[in-house]
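Take a look at the structure below.
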Amino acid sequence: MPDRLKDESKIETLTRMNFKSNKHQHRSFWWRVCCGIAIALSAITFTPLVIGDHASRIFHLPYLLAVGLILAIAFIAITIAGTFFYPKSLDRGDKK
Amino acid sequence: MSGWILGIGTVYLCMLVTAALRARKSNHSDNDFLLAGSSLGSLVGCLTVAATLFSTFTLMGMPDLFRNHGIGAWIFLGVSDCALAFVALWFGINIRRRISADNFNGFSDWLGRAYRGRHATYVYLFGIFVFLIPYVAIQIKGVSLFLNSIMPGVMPSWAWSVSIVSVILAYSELGGLKAIIFADAVQGLVLFGATIVIAISCVAYFGGIGPMFDSIESTSPALLSTPGPSGLFTYQFLIASFLAIAMIPVTQPQMSTRLIIMRDSSSLARMAVLLAIFSFVLVLATLPIGLYGAALYPTSATGEFIAQVLVYDQSPIVAAVVVVGLIAAAISTADSQLFALGNELRSGVSKPQYQSLRLMRSAIVIFALSALVVSLVSNTHIVLLARTSFAGSALLAPMILSAVFFPKQLHRAIPLLVGLCLILFLASIFGLIGDTFWGLRMDLVMFIAVTFGTAIILMFKNHYLPDERKSS
């Protein structure tokens, strides 16, 4: 193979590897963001913003229940987001 | 109603027998019997995890919590269970990096190898046995008492307990984990369907969701905020419960094993999403049942309220489905835990020649009989152990998570610290030491102590490492 073609092939391989690596890092970053949001949601759950003697209503629901429902839905949303971003390299347990 | 119960119960039993026989036929190896071939899909995975997670407590305990302590129970279980689903995804993805389903023997064996010593195995086995056996016993006892109260002439409650344990033993021994997973899937669907039907009828009684809360506000406004009428849902209670529930996928072997035997990571991820949605809908459905009880049966005893709302106020066919669903719930939670305990004991045995299926089968029989005896003679302390089982087993979480995330920094001091905290927690349950420390609940104190203690050991591990590991 001529040297020029060899170089192009190398560049292409390196570009592909770089792309894969970027994609992996991208996933890893967003997975960490999901984990961070889950921790933040857990912390928010136990603040006076949620727990306490609130008398107001939101959409006919008591404040505590309405905010609790929003938190639970947020946990579901973050789980759904997690399914798109979990690090795929960590699948040694997968059946081959 | 008895005719319906007999009919639906017979169908359920036939399904169990068929499942056990089919599973027995398709089990060709130890891996098939112990780990159901390690190829769980997302839907069946969700149903079996949900059935293992949602015991009779969901249909008997949750409505009672809403009735007596108000909507703070949603934070206690609804939000916690949705968080649990995310933890299942997070932990499942990471544990699958460490353990391949093909080489998986059990957590007690894996922890022993990770910590390079038997002490981690012993601490783990001690932690799960001391809390899970009472939990299984209380499941069996609760349903037996309930069945005896709604069908007093059929047989005494101890005979119901013996029957339930016999059914569990028969199909667990016959079909292994495949049969258990099939039973779990059926139970999950029955429990889900029955709860939704009853919840809809309870909302219909009030005339809608808005009128339901208006009615409760006019009679018991304290039910609509925390900490509830009797002050149960304090910050400490809710935080301790949240941590205990969210750590279930990490610490309870029947849950963590299911995460490992999922077909692949994609199935695991879909399972986590389905579990979150399942938990959300199921726990939310118990809210109107509880508020219905608060409006109609505010002063009734728990058993009386449950019998009224689940059986006597329902049409005969719904009542029969509920009764069979409750039996199924008790069976599916108990069998999963007994099977997991048997497997963990087998994997914890140090000599490979003794790690046989026969040992595991014998262990399941012994644990089932122990749970039966405990259910028959249970006293206040046993009930307390069962009630605190999630909090107790949550103390194992730092030891397991360290093995997953810091495999090169482990030290034997971590299991020893966990063991010490378990003993202190047990001492507080049995009244040997106080149940609060510096104004904090003991379960919270122990969780903080074991978490920070483990973190400190991991940070300064080089000071503790034996010489041979320092050099390596």
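FYI, side chains are in, hydrogens and waters are out, and symmetry mates aren't considered; it's all heavy atoms of this structure.
- A donor-acceptor pair under 3.5 Å is formed between the side chain of B/Trp74 and the backbone N or O of A/Gly68.
- No other option in A/Thr83, A/Ile80, A/Ile73, A/Ile51 has as many heavy-atom pairs under 4.5 Å with chain B as A/Ile51.
- For CD1 of B/Ile209, the number of neighbouring non-hydrogen atoms (other residues, nucleotides, ligands) closer than 6.0 Å is 12 at most.
- A pairwise comparison of heavy atoms in A/Tyr86 and B/Ser265 identifies OH-C, 3.6 Å as the closest pair.
- For the set B/Asp214, B/Ile216, B/Leu284, the count of heavy-atom pairs under 4.5 angstrom toward chain A peaks at B/Asp214.
- Between A/Leu41 and B/Phe86, every side-chain heavy-atom pair lies at or beyond the 4.5 Å cut-off.
- Listed for the A/Tyr63 side chain is no donor-acceptor partner under 3.5 Å among the backbone atoms of B/Leu224.
- In this structure, chain A has heavy atoms under 4.5 Å from both the backbone and the side chain of B/Phe213.
- Side-chain contact check for A/Arg57 versus B/Glu217: some heavy-atom pair is nearer than 4.5 Å.
- Only the side chain of A/Val50 comes within contact range of chain B, judged by heavy atoms closer than 4.5 Å.
- Heavy-atom contacts from other residues, nucleotides or ligands closer than 6.0 Å to CZ of B/Arg113 number more than 12.
- Below 30°, between 30° and 60°, or above 60°: for A/Phe75 and B/Phe242 the angle between ring planes is between 30° and 60°, a tilted geometry.
- For the options A/Leu61, A/Val67, A/Leu64, A/Thr45, heavy-atom pairs under 4.5 Å to chain B are most numerous at A/Leu64.
- Enclosure of atom CZ in B/Phe405 by more than 12 non-hydrogen atoms of other residues, nucleotides or ligands within 6.0 angstrom is indicated.
- Heavy-atom contacts from other residues, nucleotides or ligands closer than 6.0 Å to CZ of B/Phe406 number 12 or fewer.
- For chain A, the nearby part of B/Ile75 is the side chain; its heavy atoms alone come within less than 4.5 Å.
- B/Phe280 and A/Leu69 get closest at one heavy-atom pair: CZ-CD2, 3.7 Å.
- Nearest heavy atoms, A/Thr79 versus B/Cys82: OG1-O, 4.4 Å.
- The closest side-chain heavy-atom distance from B/Leu287 to A/Leu65 is below 4.5 Å.
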